[in-house]
Amino acid sequence: MKNHSTVALEHCSNYNARELPHIIGKLFQHLGGIGSFVRKGQSVLIKPNLLTDRTPEQTVTTHPEVVRAIIRILKDHGAKPSVADSPANVVKIEQVWEKTGFRAMCEEENVPLINLEKTGAHSFEVDGFSFSIANPILSADVIINVPKVKTHVLTILTAAVKNMFGAVPGFQKMILHKLHPTVSEFGRLIAVIYQHIPPHLNIADAVVAMDGDGPSAGRPVHLGLLAASRDAVALDLTLCRVLNIDPSVVPYFKHLSVDGNSAAYDVNIEIAGTAIDDFDNRNFHAPGTLRARMIPGWLVKFLEPFIWIAPSISDKCIACGRCIKGCPVNALSSATGADKPVLERRKCIGCCCCHEVCPEKAISMTQSPLLNFVRQGRM
Ligand code: SF4
Ligand code: SF4
């Protein structure tokens, strides 16, 4: 039997603080009203995407005005909101809060902004994976997940499901990349973590999304969309339809089976609010790595030595060293006399962590000649 989920979609032309509470209020109404998620006096942890230290206009992180609007609705309802995330660990979290506008917004709204690196965590062993989840995520009465909708060179899409990977504190995220280097295994890990801590509500910020080589080096694209659902999988599948992304190339969906047999993308979705076709995706481009994901699994095993993705560093590099610090397998180093990091390709696992943390968009993920051949549609 197929699962049944409702996804609410609404137009939202910009991040105008006066309009956002009204539009987010409509999303709540489509899903049964705020009272069906939160009771008076409950603690609500809001989990945005605070990947790294970029301004809201750079579209790498959730826009603080979306979170401000959610906070105000929660407060009016008598709930106790807080905000928490664990960014990539190559930048001080305080710097991330400052640049993304979250410190100022949380101070103005008088809500706690929690550093998940310092709150302790619980360890879990699930389906062959070992990982920790930060304590505030485990102890909140309600979790509201507020992802930024972006492309991702590794997972093709990052939205509601993938955003819960940020519940794993700091450095451990890098270790997990190292331990599970293949796209398929990493996709399974993302699915397991999400299923372990499924949020009660997901509200996706796609007012201005990111396309191309996301999650940090892509291009801002105006979609004018806010989307919400209790079901993060249904929400992400709907976003795939809006963005014209084939869900079978997103590596976590196939591990999110509804009934243990059928694929997650068999879920039955009812759209409330605005129809999918009302959103214009003509300007939206998938990542350059997309076609590599379309090679069938059995062929990937066979062709493994000839298919690789590795970083290429351009002259935009300012030698800040973040990529060296962020590489889980020490494949990057600073060599004497070199003006940018040097890659030892033999060690590289193609995890894209360096690409994610580069502040200058100096890193592009390049592909082996065979993958380029596939990318050009000749296979
Ligand atoms: S060089 Fe970049 S892509 Fe390669 S393993 Fe290190 S962080 Fe990952
Ligand atoms: S490539 Fe980017 S992250 Fe690496 S040193 Fe240069 S500017 Fe810094």
Side-chain angles (χ1 to χ4, degrees), residues 50-55 58 60-61 86-93 95-96 99-100 150-156 158 162 165-166 168 170-187 189-190 210 212-219 251 287-290 292-293 300 304-372 375:
L50 296 181
L51 175 67
T52 189
D53 56 339
R54 301 287 177 84
T55 63
Q58 290 174 294
V60 172
T61 49
S86 168
N89 80 319
V90 298
V91 194
K92 283 205 167 98
I93 195 166
Q95 206 172 315
V96 176
K99 197 91 183 256
T100 56
K150 299 182 287 180
T151 49
H152 196 293
V153 285
L154 187 69
T155 61
I156 304 302
T158 171
K162 170 111 183 7
F165 188 48
V168 176
F171 190 68
Q172 199 189 118
K173 286 194 280 292
M174 279 168 59
I175 308 266
L176 289 169
H177 270 289
K178 180 178 171 176
L179 291 174
H180 310 290
T182 66
V183 175
S184 171
E185 247 334 69
F186 189 67
L189 171 69
I190 295 295
M210 177 177 277
D213 289 340
S216 61
R219 194 182 61 132
T289 47
L290 174 63
R293 301 283 171 264
V300 167
E304 212 149 36
F306 309 104
I307 50 175
W308 46 261
I309 296 174
S312 162
I313 302 179
S314 77
D315 290 342
K316 286 196 271 181
C317 174
I318 55 166
C320 69
R322 283 188 186 185
C323 55
I324 296 174
K325 201 172 160 196
C327 177
V329 292
N330 300 319
L332 290 164
S333 59
S334 52
T336 325
D339 53 1
K340 54 189 177 189
V342 175
L343 172 71
E344 208 176 327
R345 221 195 63 212
R346 184 180 55 83
K347 286 188 182 173
C348 177
I349 54 172
C351 66
C352 307
C353 289
C354 52
H355 174 268
E356 274 187 20
V357 298
C358 177
E360 299 297 318
K361 295 190 181 182
I363 299 182
S364 51
M365 297 307 290
T366 55
Q367 306 178 122
S368 62
L370 180 63
L371 280 184
N372 270 331
R375 184 178 172 182

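Values below: all heavy atoms of this structure, side chains included; hydrogens, waters and symmetry mates excluded. Indexing begins at 1, ligand by ligand and atom by atom, following the structure's order.
With rounding to the nearest 0.5 Å, the separation of OG1 in T155 from NZ in K162 is 5.5 Å. Atoms CD and CG, on E356 and L51 in that order, are 5.0 Å from each other to the nearest 0.5 Å. The CD1 atom of I349 sits 9.5 Å away from the OG1 atom of T182 when rounded to the nearest 0.5 Å.
Contact annotation: for V357 versus ligand 2, there are no heavy atoms closer than 4.0 Å. Of the heavy atoms in P341, only side-chain atoms (C-beta onward) come closer than 4.0 Å to ligand 2. Heavy atoms of I349 found under 4.0 angstrom from ligand 1 belong to the backbone as well as the side chain. When non-hydrogen atoms are compared, ligand 1 lies under 4.0 Å from the backbone of C351 as well as from its side chain.
Every atom of ligand 2 is numbered from 1 in the order shown, and the set under 4.0 Å from a heavy atom of I363 is 1 (S). Near L332, with a cut-off below 4.0 Å to any heavy atom, the atoms of ligand 1 are 1 (S). Every atom of ligand 2 is numbered from 1 in the order shown, and the set under 4.0 Å from a heavy atom of C317 is 1 (S), 5 (S), 6 (Fe), 7 (S). Interface of V329 with ligand 1, defined as ligand atoms under 4.0 Å from a residue heavy atom, comprises 5 (S). In the vicinity of L343, heavy-atom distances shorter than 4.0 Å reach the ligand 1 atoms 1 (S). Ligand 1 places these atoms under 4.0 Å from at least one heavy atom of C348: 1 (S), 3 (S), 4 (Fe), 5 (S). Counting the atoms of ligand 2 from 1 in the order shown, those under 4.0 Å from a heavy atom of I313 are 1 (S).
In this structure, G350 has a heavy atom closer than 4.0 Å to ligand 1.
Summary of contacts: the protein heavy atom closest to atom 4 (Fe) of ligand 2 is C323 SG, 2.3 Å. Taking atom 6 (Fe) of ligand 1 as the reference point, the nearest protein heavy-atom neighbour is C327 SG, 2.3 Å. With hydrogens left out, the protein atom closest to atom 7 (S) of ligand 2 is I318 N, 3.4 Å, a heavy atom. Here the heavy atom of the protein found nearest to atom 2 (Fe) of ligand 1 is C354 SG, 2.3 Å.
A distance-only check finds no donor-acceptor pair linking the side chain of T151 to the backbone of P287 [under 3.5 Å].
Closest heavy-atom contact between P311 and I363: CB-CG2, 3.5 Å.
Because the distance cut-off is set at 2.8 Å, C358 qualifies as a neighbour of atom 2 (Fe) of ligand 2 through one of its N, O or S atoms. In summary, C320 places no N/O/S atom under 2.8 Å from atom 6 (Fe) of ligand 2, failing the contact criterion.
Around atom NZ of K178, no more than 12 heavy atoms belonging to other residues, nucleotides or ligands sit under 6.0 Å away.
The pair K150-D213 does not meet the salt-bridge criterion, since no charged nitrogen lies less than 4.0 angstrom from a carboxylate oxygen. K340 and D315 are joined by a salt bridge, as a carboxylate oxygen and a charged side-chain nitrogen come within less than 4.0 angstrom of each other.
Ring pair H177/F186 is parallel by interplanar angle, where below 30° counts as parallel and above 60° as perpendicular.
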Could you walk me through whether S86 and K173 pass the side chain to side chain donor-acceptor pair (under 3.5 Å) test, one step at a time?
CA-CA 10 Å; S86 168; K173 286 194 280 292; 2.8 Å; yes
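Side chain to side chain, Q58 and T55 meet the donor-acceptor criterion of an N or O pair below 3.5 Å.
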